[in-house]
Every structure is written in C-alpha cells, then in structure tokens.
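Sharing a structure with you now.
It should be emphasised that the depicted structure is a prediction, and the values quoted were computed from it without experimental measurement. Residue numbering restarts at 1 for every chain, and letters A, B, ... go by the order of the sequence lines.
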Protein chains: 2
Amino acid sequence: MTPIKLIIADDHELFRNGLNELLKKYDDVQVVALVEDGNVLFQELEKHTDVAMVLLDITMPNMDGFEVLNTLKNRNSQVKPIVISMHDEGNYIASCAKNGAYSYLLKNTDQEELIKTIRIVNDGKKYFHPQIAEKMINYMSEQSVSENLLSNKEKEVLGLIAKGLTTKEIAKQLFVSSRTIETHRANIIKKLEAKNTAELIKKATEINLI
Amino acid sequence: MTPIKLIIADDHELFRNGLNELLKKYDDVQVVALVEDGNVLFQELEKHTDVAMVLLDITMPNMDGFEVLNTLKNRNSQVKPIVISMHDEGNYIASCAKNGAYSYLLKNTDQEELIKTIRIVNDGKKYFHPQIAEKMINYMSEQSVSENLLSNKEKEVLGLIAKGLTTKEIAKQLFVSSRTIETHRANIIKKLEAKNTAELIKKATEINLI
DNA sequence: AAAAAAATCAGTATAAATACGGATGCCGTT
DNA sequence: AACGGCATCCGTATTTATACTGATTTTTTT
C-alpha cells in the first residue's frame, strides 16, 4: 500500500516540525514537504504531483490559508485541504467549509483525531467533528442583530426584491402604490447601510435575511 | 427530574404514532401532542407552553417544515426543532440548519441515535451527525457548474457590483469605459439567468460566486 | 489555421432606481 | 395624552440600469 502523501503548511516552524515528527509514527502517512506559506506550498505542489492533501494553517504571511483554499478550488486541484487552526469561531469554520476544506481541526486536537481525519479525508470524504459542525451551524443560523431590524412588511418586500421583481411588480402584487414600495426599499437600504440594491442584497444574505 | 416534553409533527399518521410508541420506552421523554401540520402545531404550542422541542417533518400540507422553522425563529420561540426527514440532500439540510434546526435526522435513523439527539438538544446544544454535516458541507462548497461560468473579468466586476459600486465607479476603477462594464453586467445577468441586478446578487451568493 | 470565447467600445431609447423633500392614519408604549 | 415606529402615499429631478442592435481586438481552444 502506498502511503498518504501530504504537505504541512504553517508559518510556525516548531509546530510544523512537531507535527512532522508526530506523523512519522504512522506508516501509512508520508510528509513530503514542510512549508511556511501559500506561495511555497504551490511551488512544492508543482514538484510533487502525487500529494493527496495539505494540512493547512489559516494565519500565514504572504498567502494565507483562505487564499490557498480558493486557489486550490479555482484550479480544480485534487489536493484535499485539511485546515488546522487555533480559531474555533463559526465564522472561520463556515468560510473554510464553503471554500472546499475537507476538515477543520483545532490545534489542540489529539493525534488520534488527527490521524483519523487524515484517513477519512484520504478516502475522499469530508469530516467535520460534531462540535466543529455545531459551531458552524450556530454561526449560519445567527440572526441576532438582524432579528428585529426590519419590519414584517419590509422583510416581505426585501424577499420580492431579491426575487428580481421591480418596484412596480411588487406594488401590484401587494396591492399598494409603487411609492410605498419605493419608500420601503429606501428604508431597508438605510437600515442595512447599503449604497444601493446590489449591496443591499449582498448584506441581507450575509445576515440570513433572505 | 421532569421529562422532556415534545410534540411530533408529521403528516403520516403511521409514522407519527409509531414514533410515539417508540418514545414511550424512555422515561425522560414525554410526547404531549401528535400533529399533522404546522398550523395544528402552533395551536398545540399555545396550549402547552412548556414544550421543549418538536420532532418536525419537512414535507407536510398547509404549513410545511420550512415555514415552521422560520416562524419559530421569527417568534424567538424557545421550542427547539429537530427535523426528521427522508431527504438526505445537502440542499435541505443546509436550509434547515440556516433556519434554526437543532438537528437533522433521517427517517431511517435508529432509535439509539434519536434518543441521543433528543437528550443533546434538550441541553440546548445542536447536534448534526458527521454524515449529515458532510452532506451539508458538500452542498455549501459546491461550485461545479458555476466554476467556469464567469470569466475572471466578469467575476471581478461582479464582486464590485456586490460592493455597491455603480457602473461608472467600476469603470473608473478598472480603467475602462462605462460601456464595457455595462456589457459585462448584462452578460453576467444573462449567464446566471437573473432578471436584474438584485436577483443576480442573490443567485451569485447562492452558488458561492461572491 | 480556424473557431470560439473574452474583453473592449458604441448609439439610442426606455425603464427603473435613488435623492431630496414632504404627508397621514394607525398602533402600541410610556 | 403624547410619542415613536410602522405602513401608507405624493412630487420633482437626477442618476442608473436595462433593452436592443451592433462592432473590433485579443486570447484561448480545437
């Protein structure tokens, strides 16, 4: 059986080397390179075309983890990224998941969990620990501030705007004047501090209003 | 210790009753009502103010599970919804998570898993089985079709539109004529099959282009 | 080398959105 | 009874966006 080839990307040398030593214990895993940022990572990836995955830190100089995830995704790379981060905020986790991370581990994870994750990911499956998934889902369903920001009518109008209806069409559908809808729209834009409808829709989706 | 009070909402009577019988075995769980749709659910919730959670089916007549989730969220209800569905599509799972579901179970889940989930949720924690979380994350990170749909320039322009910049502002920033940006915008809208910018931004965020 | 796609620019006309300024009646809270 | 938030409506003017029909050049793909 050929070992799982991987690269460790982290700007902290001690952590990088420690992880490397730690993984030597496992015969089915082979670390082919240790790199300190995203740029060097992609250089190494060109040399080693058979790398299966990357253990990826988020906070790195030059080219950070998020950029690496994005680049891998855009290049349609077969390399599977496992994020190893010290941040356990839903924000970070959701972004990584969205950008193609196969797993998200905290730096205080024990090695059993790490090797388990590596093996699962090597089978092409994504694996997020229930506690990590919980944090992400909590973040996704957050609506705290936005909860009572908009009135019910405003929420309704916002939904129709996002559907691509024009002011006139919305007015017709809600049996009110176009003026009313225009005012609603203006108020919604003001409340979400957007410049125009485009930004409004973006902000609204960000805080789960749509 | 007071038992965990819950309501079962499912339009299939057999399933409803079966679940009820099944839960009788557990002393710490008490089913206070069986309902066939969302409307009846809310009637029952008014009668029983001490209900801790709802086992909720998605596909129901009159008022379906998604609407129930939304309504609970909008009312800031303390009732914790656990979705029990037969659909294991990431689409469904992500929507439920986003709308405040505390868990998502498949109808073929074994009872060990069910009672475990009920107890976890009763402690106020959300719990998504790794396999369910995996499906959701796969969906979230999906970009297959959209991957090469837009050119790089178009992606760039789209990003600036979403930021709230007008055509003129974008043109200035990219050192091209307003005409160019107008064309780009029109092409992007066409490619994403949107009616206008508002819907464009919504669709673009849905498929992770922004 | 030929074909396809991407990026650039244009005219003309209409439709829609935004920015100002107002206004009224309703409803719930203080 | 007074107040603020909400939903409703209006005028005027300007700015933006959209629809339609084009075009050229460069780059990429076949």
Problem set entry | Phosphate-side-chain proximity, Lys155(B) and dA7(C), N/O vs OP1/OP2 below 4.0 Å | no

Problem set entry | Any donor-acceptor pair under 3.5 Å from Lys195(A) side chain to Lys163(B) backbone |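 Here the side-chain-to-backbone pair exists.
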
Exercise. Any sub-3.5 Å donor-acceptor pair from Lys191(A)'s side-chain atoms to Leu150(A)'s backbone N or O?
Worked result: no

For this session: Provide, to the nearest angstrom, the distance between the CZ atom belonging to Arg185(B) and the P atom belonging to dA17(C).
Result: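 These atoms are roughly 12 Å apart.
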
Exercise. Does the side chain of Thr167(A) get closer than 4.0 angstrom to OP1 or OP2 of dA16(C) through an N or O atom?
Worked result: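 So the side-chain polar atoms of Thr167(A) never come under 4.0 Å of the phosphate oxygens OP1 or OP2 of dA16(C).
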
Exercise. Think Ser177(B) has a side-chain N or O under 4.0 angstrom from the OP1 or OP2 of dA10(C)?
Worked result: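 Indeed, a polar side-chain atom of Ser177(B) lies that close.
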
Exercise. Nearest to the side chain of Thr183(B) - dA7(C), dT8(C), dT16(D)?
Worked result: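 Given the options dA7(C), dT8(C), dT16(D), the side chain of Thr183(B) is closest to dT8(C).
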
Seminar exercise, completed: Ranking dA7(D), dT12(C), dT16(D) by distance to the side chain of Arg179(B), first place goes to dT12(C)

Exercise. dA15(C) C1' sits how many Å from Glu182(A) CD, rounded?
Worked result: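 Taking CD of Glu182(A) and C1' of dA15(C), I get 12 Å after rounding.
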
Problem set entry | Arg119(A) side chain reached by Tyr26(A) side chain, heavy atoms, under 4.5 Å | yes

Exercise. Glu154(B) has an atom CD; how far is it from atom C1' of dT8(C), in whole Å?
Worked result: 12 Å

For this session: Among dT16(D), dC6(D), dA6(C), find the nucleotide with the atom closest to the side chain of Ser151(A).
Result: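 Shortest atom-to-atom distance from the side chain points to dC6(D).
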
Exercise. Base, sugar-phosphate, or nothing for Asn196(B), non-hydrogen atoms under 4.0 angstrom?
Worked result: sugar-phosphate

Exercise. What closest approach, in Å, do Ala52(B) and Asn122(B) show between heavy atoms, and which atom pair accounts for it?
Worked result: CB-OD1, 4.0 Å

Problem set entry | Distance test, side-chain N/O of Lys168(B) to OP1/OP2 of dT15(D), below 4.0 Å | no

Problem set entry | Atom pair distance, as rounded to whole Å: CD1 in Ile170(B) and C1' in dT16(D) | 11 Å

Exercise. Which heavy-atom pair separates Asp37(B) from Met60(B) by the least distance, and what is that distance?
Worked result: CA-SD, 3.8 Å

Exercise. How close or far is atom P of dT18(D) from atom CD of Glu169(A), stated in whole angstroms?
Worked result: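 Roughly 13 Å, once rounded to whole Å.
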
For this session: Could you tell me the separation between the CD atom of Glu156(B) and the P atom of dA6(C), rounded to a whole number of Å?
Result: 15 Å

Exercise. So what does Thr197(A) touch, heavy atoms closer than 4.0 Å: a base, only the sugar-phosphate, or nothing?
Worked result: sugar-phosphate

Seminar exercise, completed: The nucleotide from dT8(C), dC6(D), dT8(D) with an atom nearest the side chain of Thr180(B) is dT8(C)

Seminar exercise, completed: Between CG of Leu150(A) and C1' of dG5(D) the distance, given in whole Å, is 13 Å

Problem set entry | His184(B) side-chain N/O to dA7(C) phosphate OP1/OP2 under 4.0 Å |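 Result: no.
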
Exercise. Between Ala186(A) and Phe175(B), who's closer to the 5' end of DNA chain C by nearest nucleotide?
Worked result: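 In this pair, the answer is Phe175(B).
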
Problem set entry | Spacing between Lys153(A) atom NZ and dC9(D) atom P, to the nearest angstrom | 10 Å

